[in-house]
Amino acid sequence: MKHFFLIPLILLSLSLSGCREEISASEQDKAPAGYLELLEAYEEGLSFSSAEHVSQGCVLTFGDGSMITVPETSFIIDDCTGKDPVKCWVTSGWWCKDGLVLGIKADSSLSREEALPVYVYFNEMTLYMKLSNYEFLTFSSEALEEEKDRLEKLERMQNLPVIRIKTDGNAQILDKKNYVKGSITISDPEGLYGDTEDFTARMGIRGRGNSTWEWPKKPWKVKLDEKASLLGMPADKEWALLANYSDRTLMRNIVALKISEICGFKWTPRLRSVEVYLNNEYQGVYTLCEHKKVSSDRVDIDVADESDAPEEGGYYLEMEENLDETTCWWTGMGVPMMFSDPEVPTPAQLKYVKNLFADFEACLYSSDLADPVKGYAGYIDVDSFINYYIIQELTKNIDGNLRKSSFITIEAGGKMEMYHVWDFDLSLGNCGYFDGTIGNGPEGFWIKDYTSGSWRGDNWFNRMMKDPAFVARLKERWNELMPELSKITDFIEEQAIVLDKAQERNFKKWGINASVDWVKFPSLGSYEKEVDYLKYFYSERLGWLDKEIDSL
């Protein structure tokens with residue numbers, strides 16, 4: 001960064017490591033050109049709008065349209081957009097910067113008009129001036145007011161909505177099949193999502209999840225007796241309460257579904273961070289989320305009924321290696337498939353869907369692989385598969401390799417589409433049991449190359465990458481999304497602020513060092529460190545993929 005202040009004084013001493021104590025200098029000159037005009041603008045409360053460097057200095061524009069030009073021979077105004085401003089300090093009564101003595105005396109007795117500007121700079125927010133009398137002036141601006149409002153909103157959001165579940169007779173929730181009757185009350189004291197009046201309804205509650213159900217902090221499914229809108233989300237009966245026990249940031253699902261919004265999936269499950277009490281006992285921070293199901297506000301397709309010919313209805317399918325639905329099978333390429341809706345297709349419908357997958361996989365291995373009509377692209381919505389690939393690869397989701405918690409729809413006579421995503425608690429660096437050649441770090445392909453050393457052989461995406469058109473579209477889509485994907489670390493920081501108060505109560509209940517042994521990702525010891533690691537992993541992964549996808 002160049003020197004920012006030039007007055008007719010000689011810099012009498014320079015030091016790379018700090019300021020020399022012995023200094024002599026002439027009397028400070030009168031106020032440099034433009035300085036008093038800036039002071040007047042500040043004291044009048046003018047809103048800073050922009051700064052533009054010109055050949056002879058810097059032109060500052062304010063909200064009322066007025067402009068002040070500061071000549072370069074007077075003092076330099078630095079552009080600190082996207083970088084930290086320089087620190088200035090005092091040694092032996094003289095202002096210093098970057099190891100340089102500036103020839104400016106530090107004197108707290110001076111008025112603003114008598115003082116000199118030590119360091120003047122602007123950034124994304126506004127204009128700032130450090131004065132020789134120790135004052136630090138921050139100009140008002142529209143951006144600064146917006147930031148103030150944003151931080152105030154985040155502070156309000158720290159008072160999370162509270163859900164109180166009361167089972168009839170304090171009955172225990174013992175399994176994932178049988179609903180226990182009771183009531184639910186939801187309080188939103190800050191009115192973050194609408195009316196501040198408490199919502200109360202009758203409902204049933206049961207366990208949910210696969211491995212997560214075996215962990216100490218239990219996830220649940222809630223089924224209201226009647227449809228209702230919860231915390232501003234569209235009305236429905238069925239809702240999920242995600243425990244996030246293995247995720248010590250409590251936000252990996254939230255972050256992933258933010259990426260889902262950016263990618264533009266047909267449906268991104270809506271969610272809210274809440275605190276939960278069960279029969280008056282505190283259970284911690286949960287994510288209240290729309291349950292995955294066919295409905296007009298969620299997976300919006302017309303599902304085939306038993307009277308429909310196979311090609312006349314729609315199908316909602318899940319990839320899940322536990323094969324825990326009524327109708328399941330493995331595809332020829334080792335992908336576990338289940339019917340979610342209809343749960344029990346007719347024999348003709350089952351044959352039709354299985355044949356679609358068989359034909360699709362046959363095309364992946366055929367000489368017509370890259371043909372847009374005869375090849376695999378004739379069977380799938382390619383853009384939805386690319387969006388799926390991007391989110392799963394970017395989050396390095398251990399479960400995202402076509403074996404768990406992935407969903408495909410087939411609408412009447414249509415193509416297979418990756419309609420939405422789900423389940424990211426073991427993503428973004430929060431899992432240590434990847435294949436040995438890939439590792440848990442932010443580098444290395446997972447979805448594209450996950451079959452290395454595996455019995456499954458080539459996977460769908462590994463084969464699609466052999467199609468130049470697929471790779472070209474992937475690169476194009478990645479570059480389209482990069483500007484928004486680059487903002488996710490800011491989103492993580494915002495969520496950390498929102499969860500800051502509640503996470504203390506959550507980990508007082510469950511312990512920040514509690515762990516699930518087989519996840520193989522040990523605690524980092526504090527919530528702050530967990531959030532910092534999440535930001536680090538995401539930033540490094542994004543940067544690595546940006547280079548690697550470009551070179552495919």
Side-chain angles (χ1 to χ4, degrees), residues 160-188 193 197-247 250 253 269-295 297-299 316 318 320 322-326 338 340-341 343-344 404-405 422-423 425 502 505-506 508-511 514 516:
L160 300 183
V162 175
I163 294 180
R164 296 182 184 275
I165 294 170
K166 176 73 173 172
T167 61
D168 295 345
N170 289 336
Q172 294 184 5
I173 305 164
L174 299 175
D175 57 52
K176 299 187 294 181
K177 292 184 178 180
N178 300 298
Y179 282 99
V180 177
K181 296 299 292 181
S183 63
I184 183 171
T185 298
I186 303 179
S187 303
D188 182 13
Y193 304 105
E197 185 176 345
D198 289 356
F199 167 84
T200 300
R202 291 288 297 171
M203 54 96 223
I205 183 170
R206 63 167 175 81
R208 64 165 308 280
N210 290 313
S211 57
T212 55
W213 177 245
E214 306 302 322
W215 298 346
K217 185 183 178 187
K218 302 297 184 183
W220 297 302
K221 181 181 177 184
V222 170
K223 188 173 184 179
L224 305 176
D225 287 4
E226 297 181 4
K227 282 187 177 183
S229 170
L230 303 187
L231 297 175
M233 295 181 281
D236 205 285
K237 287 185 176 182
E238 298 180 76
W239 304 85
L241 280 167
L242 310 179
N244 301 311
Y245 178 73
S246 67
D247 174 15
L250 303 171
N253 277 306
R270 302 166 185 89
L271 45 77
R272 306 283 188 259
S273 292
V274 297
E275 292 186 90
V276 176
Y277 290 80
L278 175 62
N279 293 327
N280 297 321
E281 182 179 351
Y282 182 69
Q283 300 298 312
V285 175
Y286 279 70
T287 303
L288 174 66
C289 185
E290 292 180 308
H291 173 67
K292 54 189 187 300
K293 60 178 287 190
V294 173
S295 78
D297 290 308
R298 299 182 185 179
V299 180
Y316 179 39
E318 178 176 1
E320 172 55 63
N322 287 332
L323 301 177
D324 51 6
E325 293 288 356
T326 304
M338 308 191 304
S340 290
D341 205 350
E343 185 177 351
V344 182
K404 293 179 73 69
S405 299
W422 186 261
D423 192 7
D425 57 336
R505 293 185 286 271
N506 181 85
K508 185 176 181 181
K509 168 78 174 180
W510 299 109
V516 181

Practice task
Mind running side-chain hydrogen bond (donor to acceptor under 3.5 Å, both in side chains) on D198 and T185 for me, showing each step along the way?
Solution key: CA-CA 7 Å; D198 289 356; T185 298; over 6 Å; no
Exercise for the section: Give the C-alpha distance, both sets of side-chain angles, the deciding distance and a yes or no for side-chain contact (heavy atoms from CB on, under 4.5 Å) between R206 and K177. Expected result: CA-CA 7 Å; R206 63 167 175 81; K177 292 184 178 180; 5.7 Å; no
Problem - Neighbour count above 12 (heavy atom, 6.0 Å) for K508 NZ - result: no
Problem - K293 NZ: over 12 foreign heavy atoms closer than 6.0 Å - result: yes
Note, [X] side chain near [Y] side chain (heavy atom, < 4.5 Å):
| X | Y | value |
| --- | --- | --- |
| V162 | V274 | no |
| R164 | T200 | no |
| V299 | K292 | no |
| P219 | L242 | no |
| I173 | K221 | no |
| V276 | V285 | no |
| P234 | R270 | yes |
| Y193 | S229 | no |

Pairwise distance [atom1]([X]) to [atom2]([Y]) - rounded to 0.5 angstrom:
| X | Y | atom1 | atom2 | answer |
| --- | --- | --- | --- | --- |
| K223 | K181 | NZ | NZ | 9.0 Å |
| I184 | I205 | CD1 | CD1 | 7.0 Å |
| L241 | K218 | CG | NZ | 15.0 Å |
| W510 | L250 | CH2 | CG | 12.5 Å |
| S183 | K166 | OG | NZ | 8.0 Å |
| T287 | D247 | OG1 | CG | 8.5 Å |

Exercise for the section: Write down the atom of G284, the atom of N506, and the distance for their closest heavy-atom approach. Expected result: CA-OD1, 3.4 Å
Exercise for the section: Quick one: closest heavy-atom pair of E290 and D297, and the distance? Expected result: OE2-O, 4.4 Å
Carboxylate-amine/guanidinium proximity below 4.0 Å for [X] and [Y]:
| X | Y | result |
| --- | --- | --- |
| K237 | E226 | no |
| K227 | E238 | no |
| D188 | R272 | no |

Exercise for the section: If the plane angle is over 60° it's perpendicular, under 30° parallel, otherwise tilted; pick one for Y245 and W215. Expected result: tilted
Practice task
Take D423 and N253 through the side-chain hydrogen bond (donor to acceptor under 3.5 Å, both in side chains) test and state the conclusion after the steps.
Solution key: CA-CA 7 Å; D423 192 7; N253 277 306; 5.2 Å; no
If we count only N and O atoms by modelled type, under 3.5 Å, do the side chains of [X] and [Y] hold a donor and an acceptor together?
| X | Y | result |
| --- | --- | --- |
| N244 | K217 | no |
| E275 | Y282 | yes |
| N279 | E281 | no |

Practice task
Please confirm whether the backbone N or O of N322 pairs with a side-chain atom of E320, one donor and one acceptor, at under 3.5 Å?
Solution key: yes
Practice task
Any chance you could lay out the side-chain contact (heavy atoms from CB on, under 4.5 Å) test for L288 and M233, step after step, and finish with the verdict?
Solution key: CA-CA 10 Å; L288 174 66; M233 295 181 281; 3.9 Å; yes
Problem - From Y179, W213, Y286, residue fulfilling ring-ring contact (aromatic ring centres under 6.0 Å, His included) relative to W220 - result: Y286
Exercise for the section: Evaluate the criterion side-chain contact (heavy atoms from CB on, under 4.5 Å) for residue pair N210 and D324; output intermediate values, then yes/no. Expected result: CA-CA 10 Å; N210 290 313; D324 51 6; 3.3 Å; yes
Exercise for the section: Please determine if R298 forms a cation-pi arrangement with W239, meaning its NZ or CZ atom is less than 6.0 Å from the six-membered ring centre and no more than 45° off the ring axis. Expected result: yes
Exercise for the section: Apply side-chain contact (heavy atoms from CB on, under 4.5 Å) to the pair F199 and L230, showing each step before the final yes or no. Expected result: CA-CA 8 Å; F199 167 84; L230 303 187; 3.4 Å; yes
